[in-house]
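All remarks here apply to the structure that follows.
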Amino acid sequence: MNINLLSETELKHLQTLLHEAQHIVICTHKSPDGDAIGSTLAWKAYLQQIGKEDVKVCIPDAYPDFLQWLPGTNTLLRYDKRTKQVQEAFDNADLVCCLDFNQNSRVEDMCPTLTQCKAKRILIDHHLEPETNNEVTVSRPDISSTSEMVFQIICQLGGYEEMTKECAQCIYCGMMTDTGGFTYNSTRPEIYFIISQLLSKGIDKDNIYNRVYHNYSVNAMRLRGHIIANKMRYVGDLHAAYFAVTKEEMQRFHFIKGDMEGVVNIPQQIKGLKLSISLREDTERPNLVLVSLRSGNGFHCQPMAVQFFNGGGHADASGGKLHCSIEEAEAITLKAIKAFEDELRKK
């Protein structure tokens with residue numbers, strides 16, 4: 001099966017950039033998820049595999065607790081905790097690899113550091129409308145995850161045979177989490193061919209699943225139960241559901257990053273549901289509401305994310321943010337659902 005992503009010209013240019021680079025920074029978006037962490041660590045592993053000694057992964061802030069087992073997380077440099085070290089890494093870099101984000105603004109507080117960096121830049125991403133001021137831009141919104149893209153590029157660069165089990169674990173974790181355990185955005189045959197190749201490296205896919213999805217605290221489980229029992233609002237005639245979670249509620253259940261990962265998917269188990277929306281107050285910044293959207297049964301949430309939630313993403317898995325109170329966010333959500341009434345009502 002042909003899984004090549006790059007043209008011959010792009011491949012040669014990328015090979016030249018990697019050959020010449022001595023000080024490499026890999027970075028990803030704010031609030032990095034499984035795909036962001038998995039793809040960056042896998043790319044770092046490949047670069048070290050080809051002899052690059054100075055490779056640093058810089059992330060804007062914390063990642064979910066359930067990803068801490070991934071090989072290499074102890075080397076991640078967080079901008080919010082180690083600002084000076086991250087700044088120095090960018091200042092010294094001769095190559096920056098931007099993974100799993102399409103616009104500089106997605107790194108938020110780290111944006112000035114990235115923007116002012118003079119190093120050559122590579123972008124590998126699967127979101128719409130990427131910035132293209134890079135030496136190499138690999139943008140494929142049709143692909144399930146950036147981790148999948150990283151695997152394909154490593155293979156095209158001739159790195160599969162030397163790929164380690166640890167690198168394969170990171171790639172599989174990124175692919176798995178960005179498709180909800182291969183339940184959405186995962187119908188392409190290439191995905192399952194790649195999984196077979198990763199399995200041949202000795203990864204234990206069941207163990208990876210358990211470490212990600214069966215790794216919540218009792219408090220996290222109680223928070224999830226509270227959300228579904230007390231917070232979920234069901235708009236039955238429009239096949240939609242949403243919930244809004246406040247800072248106070250999260251504090252009550254001793255929230256840590258990752259505790260609400262995937263909760264937006266739970267209402268999709270309702271028969272015939274087309275749209276699920278999660279609203280939650282940011283735990284640190286006032287008047288900021290983080291939004292996640294999931295869709296199915298013929299409805300696509302991405303246009304709604306763009307139009308109402310300052311966001312975007314994939315057809316059936318999108319996100320955004322609102323600078324307002326949680327009550328105002330609920331009102332906007334109801335307005336958004338009403339605006340798409342005709343599509344949601346269709347059977």
Side-chain angles (χ1 to χ4, degrees), residues 27-37 58-68 76 78-83 86 100-114 127 177-178 216-217 219-220 222-224 226-228 230-233 241-267 276-294 301-302 304-313 317-336:
C27 60
T28 191
H29 58 78
K30 185 177 176 64
S31 299
D33 55 11
D35 189 27
I37 298 299
C58 299
I59 60 177
D61 59 354
Y63 55 89
D65 185 66
F66 57 74
L67 296 175
Q68 288 189 11
L76 297 173
R78 280 176 53 181
Y79 180 81
D80 62 334
K81 297 292 187 182
R82 303 168 75 177
T83 306
V86 171
D100 201 38
F101 67 97
N102 54 350
Q103 305 284 335
N104 285 355
S105 59
R106 292 284 313 281
V107 303
E108 296 201 11
D109 294 345
M110 201 167 73
C111 186
T113 299
L114 172 61
H127 296 91
T177 53
D178 233 33
Y216 295 111
S217 67
N219 287 321
R222 295 191 189 282
L223 173 60
R224 288 163 177 258
H226 167 69
I227 291 169
I228 298 304
N230 304 315
K231 304 295 294 187
M232 187 179 74
R233 302 292 178 258
Y242 70 93
F243 56 83
V245 184
T246 67
K247 283 188 287 189
E248 289 73 21
E249 287 170 312
M250 288 185 283
Q251 289 168 358
R252 191 194 322 163
F253 290 95
H254 307 286
F255 174 87
I256 61 171
K257 198 151 195 173
D259 279 357
M260 283 186 57
E261 189 80 19
V263 181
V264 68
N265 298 319
I266 297 175
S276 174
I277 301 177
S278 163
L279 307 169
R280 75 168 178 90
E281 288 186 304
D282 188 83
T283 55
E284 298 173 0
R285 292 165 291 182
N287 289 319
L288 177 62
V289 177
L290 307 177
V291 186
S292 294
L293 304 92
R294 297 292 183 270
C301 63
Q302 195 266 351
M304 181 183 286
V306 173
Q307 184 174 341
F308 286 93
F309 299 110
N310 305 303
S318 295
K321 61 183 65 175
L322 295 169
H323 296 277
C324 62
S325 69
I326 194 74
E327 293 79 14
E328 291 170 313
E330 286 195 70
I332 292 170
T333 297
L334 288 169
K335 183 179 178 181

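Judged by distance alone, with hydrogens and angles left aside, the side-chain atoms of Q302 form no donor-acceptor pair with the main-chain N or O of G312 at under 3.5 Å. Without hydrogens or angle criteria, R222 side chain to S217 main chain gives no donor-acceptor distance under 3.5 Å. For D259 (side chain) and I256 (main-chain N/O), a donor-acceptor pair under 3.5 Å exists by modelled atom type. Not a single donor-acceptor pair under 3.5 Å links the side chain of D35 to the backbone N or O of D178.
Open room surrounds CD on E284; 12 or fewer heavy atoms of other groups in view lie less than 6.0 Å from it.
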**Message:** Could you walk me through whether F309 and I332 satisfy the side-chain contact (heavy atoms from CB on, under 4.5 Å) test, starting with their C-alpha distance in whole Å, then the side-chain angles of each, then the deciding distance to 0.1 Å, before giving a yes or no?
**Reply:** CA-CA 8 Å; F309 299 110; I332 292 170; 4.0 Å; yes

**Request:** Might you work through the side-chain contact (heavy atoms from CB on, under 4.5 Å) test for D33 and D100, ending with a clear yes or no?
**Result:** CA-CA 10 Å; D33 55 11; D100 201 38; 3.6 Å; yes

**Request:** Could you go through the side-chain contact (heavy atoms from CB on, under 4.5 Å) check for C27 and L114 one step at a time?
**Result:** CA-CA 9 Å; C27 60; L114 172 61; 4.2 Å; yes

**Prompt:** Given the rule in the side-chain contact (heavy atoms from CB on, under 4.5 Å) test, do F255 and L223 qualify, once you have shown the distances and angles that lead to the verdict?
**Reply:** CA-CA 8 Å; F255 174 87; L223 173 60; 4.0 Å; yes

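Atom-to-atom distance recorded for S318:OG and M304:CE is 10.5 Å, nearest 0.5 angstrom. Note: H323 NE2 to D282 CG = 10.0 Å, rounded to the nearest 0.5 Å. How far CD1 of I266 is from CD1 of I228: 4.5 Å, rounded to the nearest 0.5 Å. In this structure, F101 CZ and H29 NE2 are separated by 9.0 Å, a value rounded to the nearest 0.5 Å. Distance CE/M232 to CG/N230: 10.5 Å, rounded to 0.5 Å. Taking CE of M110 as the start and OG1 of T83 as the end, the distance is 10.5 Å to the nearest 0.5 Å.
Side-chain atoms of L322 and F308, non-hydrogen and from C-beta on, never get closer than 4.5 Å to each other. Taking the side chain as every heavy atom from C-beta outward, L288 and E281 never approach each other to under 4.5 Å. Side chains of V245 and M260 form a contact here, defined as non-hydrogen atoms less than 4.5 Å apart. D109 places none of its side-chain heavy atoms less than 4.5 Å from the side chain of D80. Two residues are said to be in side-chain contact when any heavy atoms from C-beta on lie closer than 4.5 Å; Y63 and Q68 meet this criterion. Side-chain contact between L334 and Y242 is present, with heavy atoms from C-beta onward closer than 4.5 Å. Residues N265 and S276 form no side-chain contact, since every pair of their non-hydrogen atoms from C-beta on lies 4.5 Å or further apart. The shortest distance between side-chain heavy atoms of R280 and M250 falls below 4.5 Å.
Contact detail for V263 and F243: the closest heavy-atom pair is CG1-CZ, 3.7 Å. Across all their heavy atoms, I37 and P32 have their closest contact at CD1-CB, 3.7 Å. Closest heavy-atom contact between P267 and A241: CB-CB, 4.0 Å. Heavy-atom minimum distance, R294 versus V264: CG-CG1, 3.6 Å. The shortest heavy-atom contact between C324 and A329 is SG-N, 3.7 Å. Summarising the geometry of L76 relative to R82, their closest heavy-atom pair is O-NH1, 4.0 Å, with the distance given to 0.1 Å.
With respect to the salt-bridge test (charged N to carboxylate O, under 4.0 angstrom), the residues K231 and E249 qualify. Salt bridge D61/K257: present, at least one basic N to carboxylate O contact under 4.0 Å. Looking at E330 and K335, no side-chain N of the basic residue comes within less than 4.0 Å of a carboxylate O on the acidic one, giving no salt bridge.
Aromatic rings from H226 and F253 are positioned such that their centres are separated by under 6.0 Å.
For the pair R224 and Y216, the distance from NZ or CZ to the six-membered ring centre is under 6.0 Å and the angle to the ring normal is within 45 degrees.
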